[in-house]
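Read the structure below first, then the notes.
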Amino acid sequence: MTDSISTARTGKGDMVWGILMLICGFLAITLPLASGIGVAIVIGWLLLISGVLHLLFGFRSGSGIGGFLWQLLLAIVYGAAGLMVLLYPLAGLAWLTLVLATFLLIEAALEFVLYFNIRRRVNAGWVLFDAIITLLLGILIWARWPFSSVWAVGTLIGVSLIFSGISRLMLSSAVSRATTAAGRPAV
């Protein structure tokens, strides 16, 4: 009995999260520049924190002067990159967009290779379709860079949030149906 109650609560909690993710996804698509800058700022903070952690690890590692210098160098690189993104979030977003376009182009190339390795399998065409869409998106972002920085990251984050929200809603809906079905008396 307690399992069905905790499952029902989890299902409702997941449903709330799914709705929030949908709302945030639509907001990110509606305001792609603002959401892209938000992503850049989060990445800037993560880089800055990583720099501090590398510095602390350098002092605590006990791996000699060479290990300390290596950690110090990494701390400087991470810290400087983080500070630059935090101080100049639009420039950070532009570079993040360029990295994204490069990633998409590499991913598309790998998906084409995968397709040609599995092309005789059932539904392998979906891998080819994914490769073509990924390639087109990478080319679109790359060809319009730095102007694509205004929309690319925020829009893609929004689309990801929408699909994550939908999947969470579908899963929580299935949990709710299963819980309801389990709670019914046998006929």
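Numbering of residues begins at 1 and proceeds along the displayed sequence.
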Task: Rounded distance [0.5 Å steps], CD1 in Ile132 versus OH in Tyr115 - done: 8.5 Å

Open item on the list: Do Met15 and Ile166 land in one hydrophobic cluster if side-chain heavy atoms of ILVMFWY residues count as linked below 4.5 Å?
Closed with: yes

Check: residues 90-98 side-chain donor-acceptor pairs under 3.5 Å, at least two apart:
| from | atom 1 | to | atom 2 | distance (Å) |
| --- | --- | --- | --- | --- |
| Thr97 | OG1 | Leu93 | O | 2.7 |
| Thr97 | OG1 | Ser149 | OG | 3.4 |

TODO: Test Trp151 against Ile141 for side chain to side chain contact (heavy atoms under 4.5 Å, CB included), laying out the working first.
DONE: CA-CA 9 Å; Trp151 62 267; Ile141 293 171; 3.9 Å; yes

Open item on the list: Counting neighbours of CH2 on Trp70 that are heavy atoms of other residues, nucleotides or ligands and sit closer than 6.0 Å, is the number greater than 12?
Closed with: no

Open item on the list: Do Phe163 and Met170 land in one hydrophobic cluster if side-chain heavy atoms of ILVMFWY residues count as linked below 4.5 Å?
Closed with: yes

Open item on the list: Show the nearest heavy-atom pair for residues Gly18 and Arg168, with the distance to one decimal.
Closed with: N-CD, 3.7 Å

TODO: Taking all heavy atoms of Phe68 and all of Gly58, pick out the closest pair and write down the distance.
DONE: CD1-O, 3.4 Å

Open item on the list: So, taking the atom named CG in Leu128 and the one named CG in Leu114, what distance separates them when rounded to the nearest 0.5 Å?
Closed with: 10.5 Å

Open item on the list: Working to the nearest 0.5 angstrom, can you tell me the gap between Leu83 CG and Ile76 CD1?
Closed with: 12.0 Å

Open item on the list: Going by side-chain contact (heavy atoms from CB on, under 4.5 Å), Leu135 matches just one of Leu105, Leu140, Leu104. Which one?
Closed with: Leu105

TODO: Kindly compute the distance separating CD1 (Ile29) from CG (Leu156), expressed to the nearest 0.5 Å.
DONE: 9.0 Å

Task: Note, Met21 side chain near Ile162 side chain (heavy atom, < 4.5 Å) - done: no

Task: Transitive ILVMFWY side-chain link Val150 to Val153, under 4.5 Å - done: yes

Task: Residue list, side chain to side chain contact (heavy atoms under 4.5 Å, CB included) with Phe129, at least two apart or on another chain - done: Trp126, Ile133

- [ ] Considering non-hydrogen atoms only, spot the tightest contact between Glu111 and Val127 and give its length.
- [x] O-CG1, 3.6 Å

Open item on the list: Please determine whether residues Leu161 and Leu33 belong to a single hydrophobic cluster, defined as Ile, Leu, Val, Met, Phe, Trp and Tyr linked transitively by side-chain heavy-atom distances below 4.5 Å.
Closed with: yes

Task: Connected via hydrophobic side-chain network under 4.5 Å: Ile106 and Val113 - done: no

When the side chains of residues 36-55 are checked against the rest of the protein, which donor-acceptor pairs come out under 3.5 Å, sequence neighbours left out?
| from | atom 1 | to | atom 2 | distance (Å) |
| --- | --- | --- | --- | --- |
| Ser50 | OG | Leu46 | O | 2.9 |
| His54 | ND1 | Gln71 | OE1 | 2.7 |

Open item on the list: Using 0.5 Å steps for rounding, measure from the OG atom of Ser164 to the CH2 atom of Trp17.
Closed with: 12.5 Å

Open item on the list: Counting C-beta onward and ignoring hydrogens, is there a side-chain heavy-atom pair between Ile157 and Ser35 closer than 4.5 Å?
Closed with: no

